[in-house]
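Index from 1, following the sequence. Remember, predicted model here, so these are calculated numbers, not experimental data.
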Amino acid sequence: MLVEHHPIDKRFEELLGYLPELSPALRKLDEYLEDEKLYKLIRVDLSKRYPKTKETGRNSTPVDVVLRMLVVKRLYGYSYEETERVVRDSLSLRAFCRVYLQDVPDDTTLIRWANLIQPKTLETFNQRVVQLAVERKVTKGRKLRTDGTVVETNIRPPSDSRLLADSVRVLTRTILRGQAVLRTAGQKIQSGFEDGTQRAKQLARQIGESLRSKKEAAQNAGKQVYQELLSLAQQTMAWAEQTQQQLKKRSEQRAKRLAETLAHFVPLAQQVIQQTTRRILQGQQVPAAEKIVSLFEEHTNIIRRGKESHPVEYGHKVWLNEVEGGLVSHYRILEGNPSDEQQWKPGLKAHLKTFHQPPQRASGDRGLFSEENEQLAHDLGVKRVILPKRGYRSKARLKHEHKAWFVKGRHWHAGVEGRISILKRAHDLGRCLAHGLTGFHRWIGWGIIAGNLAVLGRT
């Protein structure tokens, strides 16, 4: 049964009387998290764990405790294990998280509850946090600066040989488990399957060593090893498809799970084989949109932003709206690698939706400039649009961009880079450690929320 909160513990309150009060930052955050709308957003998602979570079963971890512990986790950059340990050992955090003298939920329990919270809920949660900031006059939404960054997925730099070896490893592991289930059920298994995991690993290593050399003989030798690795991957995939068909006919839960695993990985392995054949054997250029760079984070995009230090990044573009007061009022995760120019309109629309009025000043980088974007901002009611023009600028344009308000706006806009840096360094938005696309969205959502709450705690 879903529990709202622990009953107030008088013994704990007496104990706190001998200790210093909560830090000013935690005291302010405690007031923000008292908001009933924030609480209800999380409660709705947690109540969907089982069909009758709200009505029957043993008492759950209280909603209040889950919410506050997840805030503590991202606010201070802890892992789930560290969050459990730190809250358990700190009377101040026990008070903030409303645990009192009760048992602190362990890390696995916290993970299960956290995975119930939907990305859309976190977007709404952040909007509500910004609304509370407006009510407390932390911001009025009069200034807007918008910019994007890349949050990487937790993968190693990809190569076709490693992807093929991963395909063989994952499919082989599942095939062997599937065959064990089929044998237990008394079903006849075709003999002849061999575990090619180690061989695939050796071939991938040989390819890496061969292709380091630019000599033609080494390149040809590398292609021959690639052909052997491709042949091994194709054989493994054929066995995987056969095993999947057999498992689909079984009614056992484990057989169904293994069949679903194969149904997920077989198409990905097929895509790896196709792109390797096209690139290595046929010498084709495969478009980034058609490539796969990870079997486990297959949603990862290949992003080139022209940065010398990071010529290619693997993850997702995240676009941010920041208003005065240092709050990220809106964020969105982009699909693929769209041009920055396309992000101006949705950014302004999102600002209007949040604040119900246009900003007095809106700024962006050169990549967002176009005459249409400038006109759009004026049409929506923005008084001062700060979008520096790319390339050649006429005398009239130079005069416009050297006006005092434009220069001042450019200086203020530079602060968005600092905000992005803080989110990456302090709130883990440099690299996503969660799994899957939904996990990526959750990771971004909690990072933005933690960043905003940290600002509100200091304000």
### Message
Quick check: closest heavy atoms across V99 and H6, and the distance to 0.1 Å?
### Response
O-CD2, 3.9 Å
### N321 to G347 - nearest heavy-atom pair and separation
ND2-O, 2.8 Å
### Message
Rounded at 0.5 Å granularity, tell me how far OG1 in T83 sits from CG in D106.
### Response
12.0 Å
### Task
Please identify each residue that fulfils salt bridge (Lys or Arg N to Asp or Glu O under 4.0 Å) with R68, with sequence neighbours left out.
D30, D64
### Message
Quick check: do L320 and I448 have side-chain heavy atoms less than 4.5 Å from each other?
### Response
yes
### Task
To the nearest 0.5 Å, tell me how far I444 CD1 sits from Y331 OH.
8.5 Å
### side chain to side chain contact (heavy atoms under 4.5 Å, CB included) between L268 and I292, worked out
CA-CA 8 Å; L268 297 177; I292 180 173; 3.6 Å; yes
### Message
Working to the nearest 0.5 angstrom, can you tell me the gap between E297 CD and T153 OG1?
### Response
6.0 Å
### K201: partners by side chain to side chain contact (heavy atoms under 4.5 Å, CB included), with sequence neighbours left out
Q198, R205
### Message
If you count every heavy atom of other residues, nucleotides or ligands that lies below 6.0 Å from Q245 atom CD, does the total exceed 12?
### Response
yes
#### Entry: With sequence neighbours excluded, residues passing side chain to side chain donor-acceptor pair (under 3.5 Å) with R361
none
### Task
Could you tell me if the ring centre of H316 sits under 6.0 Å from that of F440?
yes
### Query
Step by step, would you call I386 with W412 a side chain to side chain contact (heavy atoms under 4.5 Å, CB included)?
CA-CA 10 Å; I386 298 106; W412 183 76; over 6 Å; no
### Query
Counting heavy atoms not belonging to K345, are there more than 12 under 6.0 Å from its NZ?
no
### Query
For residues 92-128, which residue pairs qualify under ring pair (Phe, Tyr, Trp, His ring centres under 6.0 Å), counting only residues two or more places apart or in two chains?
F12-Y100
### Query
Going by the side chain to side chain donor-acceptor pair (under 3.5 Å) test, which pairs reach into residues 45-55, not counting sequence neighbours?
D45-T121
### Task
List the steps and the verdict of salt bridge (charged side-chain N to carboxylate O under 4.0 Å, His left out) for E36 and R128.
CA-CA 11 Å; E36 188 65 19; R128 179 58 186 164; over 6 Å; no
### Query
Under 6.0 Å from the NZ atom of K140, do we count more than 12 heavy atoms belonging to anything else shown?
no
### Message
If you compare all heavy atoms of S329 against all heavy atoms of T354, which two are closest, and at what distance to 0.1 Å?
### Response
O-OG1, 4.2 Å
### Query
So how far is it from S421 OG to R425 CZ, rounded to the nearest 0.5 Å?
3.5 Å
### Query
On the ring face of Y78, is R85 found with NZ or CZ under 6.0 Å from the centre and within 45° of the axis?
no
### Query
side chain to side chain contact (heavy atoms under 4.5 Å, CB included) with K120: which residues, sequence neighbours excluded?
E123
## Note on the structure
Test side-chain contact (heavy atoms from CB on, under 4.5 Å), reference L176, set T243, L171, T197, D195, output is D195
### Task
Locate the shortest heavy-atom distance separating G436 from H299; write the atom from each residue and the value.
C-NE2, 3.4 Å
## Note on the structure
Sequence neighbours excluded, the answer for side chain to side chain donor-acceptor pair (under 3.5 Å) partners of S363 is H413
### Summary
Note: F265 and L295 closest approach over all heavy atoms is CE2-O, 3.6 Å
### Query
What residues, two or more places apart in sequence or in another chain, satisfy side chain to side chain contact (heavy atoms under 4.5 Å, CB included) together with E4?
Y39, R43
### Query
Is the shortest side-chain N to carboxylate O distance from R98 to E34 below 4.0 Å?
yes
### Query
Among all residues two or more places apart in sequence or in another chain, which pass the side chain to side chain contact (heavy atoms under 4.5 Å, CB included) test with K256?
Q253
### Message
Under a plain distance cut-off of 3.5 Å, with no hydrogens placed, do K317 and T149 share a side-chain donor-acceptor pair?
### Response
no
### Query
Is there a donor-acceptor pair closer than 3.5 Å between any side-chain N or O of R74 and the backbone N or O of W443?
yes
### Task
Can you establish whether the number of heavy atoms outside R112 located under 6.0 Å from its atom CZ is more than 12?
yes
### Candidate pair E324 and R142, rule salt bridge (charged side-chain N to carboxylate O under 4.0 Å, His left out), full reasoning
CA-CA 7 Å; E324 79 277 11; R142 291 177 177 175; 5.8 Å; no
### Message
Between K37 and D35, does the salt bridge (charged side-chain N to carboxylate O under 4.0 Å, His left out) criterion hold? Intermediate values first, please.
### Response
CA-CA 6 Å; K37 291 183 179 179; D35 182 70; over 6 Å; no
Distance-only donor-acceptor hits, side chain of residues 451-459, under 3.5 Å, sequence neighbours excluded:
from : atom 1 : to   : atom 2 : distance (Å)
N452 : OD1    : V328 : N      : 2.9
N452 : ND2    : N126 : OD1    : 2.7
N452 : ND2    : V328 : O      : 3.0
T459 : OG1    : V455 : O      : 2.6

### Message
Quick check: closest heavy atoms across L164 and V272, and the distance to 0.1 Å?
### Response
CD2-CG1, 3.6 Å
### Task
In sequence, state the C-alpha distance, the side-chain angles, and the governing distance for E252 and R254, and then conclude on salt bridge (charged side-chain N to carboxylate O under 4.0 Å, His left out).
CA-CA 6 Å; E252 297 90 347; R254 191 179 177 198; over 6 Å; no
### Task
Using a 4.5 Å cut-off on heavy atoms from C-beta on, say whether the side chain of L75 contacts that of L29.
yes
### Query
Any salt bridge between R390 and D365, counting N to O under 4.0 Å?
no
### Task
Find out whether the Lys NZ or Arg CZ of K73 is both under 6.0 angstrom from the six-membered ring centre of Y80 and within 45° of the ring's axis.
yes
### Query
Can we say E401 and K389 salt-bridge, meaning some charged N sits less than 4.0 Å from an Asp/Glu carboxylate O?
no
### Message
Restricting to side chain to side chain donor-acceptor pair (under 3.5 Å), what partner residues turn up for H351, sequence neighbours left out?
### Response
none
### Summary
Output for pair (Q343 CD, N373 CG), nearest 0.5 Å, gives 10.0 Å
### Message
Show, in sequence, the C-alpha distance, side-chain angles and deciding distance for T146 and W344, and conclude whether the side-chain hydrogen bond (donor to acceptor under 3.5 Å, both in side chains) test is met.
### Response
CA-CA 8 Å; T146 183; W344 181 247; over 6 Å; no
### Task
Could you tell me the separation between the CG atom of L262 and the CE atom of M237, rounded to the nearest 0.5 Å?
12.0 Å
### Task
Would you please test V66 and L46 for side chain to side chain contact (heavy atoms under 4.5 Å, CB included) and show each step?
CA-CA 9 Å; V66 173; L46 299 190; 4.0 Å; yes
### D379, CG atom: more than 12 neighbouring heavy atoms under 6.0 Å
yes
### Summary
Hits for side chain to side chain donor-acceptor pair (under 3.5 Å) against S167, two or more places apart or cross-chain, chain-then-number order -> none
